[in-house]
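Before any comments, here is the structure.
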Number of protein chains: 2
Amino acid sequence: MNDAISDILPRETVLHIRDTCLCLAAQRAARRLARRFDAALKPFGLTNGQFSLMVALNQPEPPPIGRLAPFLGMNPSTLTAAVKPLARRGLLTVEPDPDDRRSRRLRITREGVALMREAVEVWRAEHAALESDMDEDLPDTLRQGLAGIK
Amino acid sequence: MNDAISDILPRETVLHIRDTCLCLAAQRAARRLARRFDAALKPFGLTNGQFSLMVALNQPEPPPIGRLAPFLGMNPSTLTAAVKPLARRGLLTVEPDPDDRRSRRLRITREGVALMREAVEVWRAEHAALESDMDEDLPDTLRQGLAGIK
DNA sequence: TCTAGTTACTTTGATATCAAAGCAATATGA
DNA sequence: TCATATTGCTTTGATATCAAAGTAACTAGA
């Protein structure tokens, strides 16, 4: 007789968590959307996350990591790692801020802009297709709901 | 003169994507919720994803990987990897299905159940706290919206 | 000035994530 | 029954993710 058993948690507890857990619901939806946009952006060699990061670089002043991380809901160390493949491909550069040498600013390159001009059009098409799959007011409802998670 | 430039994408395009992209909004919210539940479940050595997986094992018959993956919105290969640390800790076992030896069923162990009994209470408390941070009808709105993403 | 504290980021080590390719078992059709 | 196709899962190689601990640079207060 080994450890494997059938003596499980109460069925109602399991169903309750399954049906109400916002964290599970969010992870599930995030994975599905990630796969969808990863596939759409594949011709550009970009993942959904890389696309979002590249979009966020388009600011009058190249933003530092410390400003991008909260915007993306991301830990700064994740961003440090995420920058590497993009820098390696020459899509962005990392420059120390002259006014504060601790801070490092991410600047999109010409190549990055050229790639993004095309990628944005694919994003538009894919997002339109996504929304057309959904009930009328679901997109806005979702946007409001997701924005409410701090 | 290097590659770095200031010739960026149209400002309106950037703002449009930033404010409407459901994929970005979902990743951002998923990261925030993941961190929150990871922190709450840390005393049990469980991540939010491990918790959800363990909950899903509580079924009359131990489910095969191929049934769990779609439930979690996950690629089967991700699940194969996710199982390893949990099996190593003795929280679940992997058994070949006697009726189809390709299929592998995940069975929660006694230890797994014991751990989950406590973890579920922490989940309850954390989820209640999460919902109390939100506007009245936001949780249900979000659940419906997230469930609408296929 | 120092010096202590804070901030911005990186490194480390672990798990998470996927697509693609691979393997073995099952199912199907001739 | 044999060959082919399909199915269920795993492996591989790459990026993603985090917390914790580390480093360097800045700040504030004595």
Side-chain angles (χ1 to χ4, degrees), chain A residues 23-24 26-43 45-54 63-70 72-89 91 94-106, chain B residues 23-24 26-43 45-54 63-70 72-89 91 94-106:
Chain A
C23 185
L24 171 55
Q27 306 304 319
R28 191 166 23 199
R31 288 181 197 119
R32 288 177 178 151
L33 286 170
R35 279 198 298 274
R36 180 167 185 156
F37 282 85
D38 283 353
L41 294 166
K42 183 153 201 182
L46 293 174
T47 64
N48 77 92
Q50 292 173 331
F51 176 83
S52 296
L53 172 52
M54 291 294 288
I65 287 189
R67 182 138 50 88
L68 286 175
L72 297 168
M74 211 178 253
N75 189 300
S77 63
T78 305
L79 203 42
T80 295
V83 156
K84 290 181 180 175
L86 298 172
R88 204 185 306 141
R89 282 175 66 187
L91 300 179
V94 182
E95 0 179 306
D97 185 330
D99 294 338
D100 183 344
R101 282 173 305 166
R102 291 170 303 182
S103 181
R104 311 220 297 149
R105 291 179 177 272
L106 304 185
Chain B
C23 186
L24 172 56
Q27 305 305 319
R28 191 165 23 200
R31 289 182 196 118
R32 289 177 177 150
L33 287 170
R35 279 198 298 273
R36 179 168 186 155
F37 282 86
D38 284 354
L41 294 166
K42 183 154 202 182
L46 293 175
T47 64
N48 78 92
Q50 291 174 332
F51 176 82
S52 296
L53 172 52
M54 291 295 288
I65 287 187
R67 181 138 50 88
L68 287 174
L72 298 168
M74 210 178 254
N75 189 301
S77 62
T78 305
L79 203 42
T80 294
V83 156
K84 290 181 181 174
L86 298 172
R88 205 185 306 141
R89 283 176 65 189
L91 300 179
V94 182
E95 1 179 303
D97 185 330
D99 295 338
D100 183 344
R101 281 172 305 165
R102 292 170 301 183
S103 181
R104 311 220 298 147
R105 291 179 177 272
L106 305 184

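Chain letters run A, B, ... following the sequence lines, proteins first and then strands; every chain starts at 1.
Of all the heavy atoms in A:Asn75 and A:Ala69, the pair that sits closest is C-CB, 4.3 Å. Of all the heavy atoms in A:Ala39 and A:Pro43, the pair that sits closest is O-CD, 3.9 Å. The minimum heavy-atom distance between A:Pro63 and A:Arg67, with the atom names listed, is CA-NH2, 3.7 Å. In this structure, B:Gln50 and B:Leu46 approach most closely via the heavy-atom pair OE1-CA, 3.4 Å. Taking every heavy atom of both residues into account, A:Leu86 and A:Met54 meet most closely at CD1-SD, 4.3 Å.
Among the protein residues, A:Gly66 comes within range of the sugar-phosphate backbone only, with heavy atoms under 4.0 Å from sugar or phosphate atoms but none that close to a base. Residue contacts shown for A:Arg88 are limited to sugar-phosphate atoms, with no base heavy atom under 4.0 Å away.
Map A:Arg31 and A:Arg105 each onto its nearest nucleotide of DNA chain C; the residue landing nearer the 5' end is A:Arg105. Annotation: of the two residues near DNA chain D, A:Thr47 and B:Pro64, the 5′-most nearest-nucleotide partner is B:Pro64.
Applying a 4.0 Å cut-off to non-hydrogen atoms, the residues of residues 75-86 of chain B that approach DNA chain C are B:Asn75, B:Ser77, B:Thr78, B:Ala81, B:Ala82, B:Pro85, listed by residue number.
Judged by distance alone, the side chain of B:Arg35 and the main-chain N or O of A:Gly73 form a donor-acceptor pair under 3.5 Å. No donor-acceptor distance shorter than 3.5 angstrom exists from the side chain of B:Asp38 to the backbone of B:Thr47, with no hydrogens or angles considered.
Extent of DNA chain C lying under 4.0 Å from chain B heavy atoms, first and last nucleotide in 5' to 3' order, is C:dT15 to C:dT26.
Applying the side-chain hydrogen bond (donor to acceptor under 3.5 Å, both in side chains) test to B:Arg89 and every residue at least two apart in sequence or in another chain returns nothing. Checked against side-chain hydrogen bond (donor to acceptor under 3.5 Å, both in side chains), B:Thr78 has no partners two or more places apart in sequence or in another chain. With sequence neighbours excluded, no residue satisfies side-chain hydrogen bond (donor to acceptor under 3.5 Å, both in side chains) with A:Arg101.
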Heavy atoms under 4.0 Å is the rule here; annotate nucleotides 21-29 of chain D 5' to 3' with B where the base is hit, S where only the sugar-phosphate is, and - elsewhere.
---BBS---
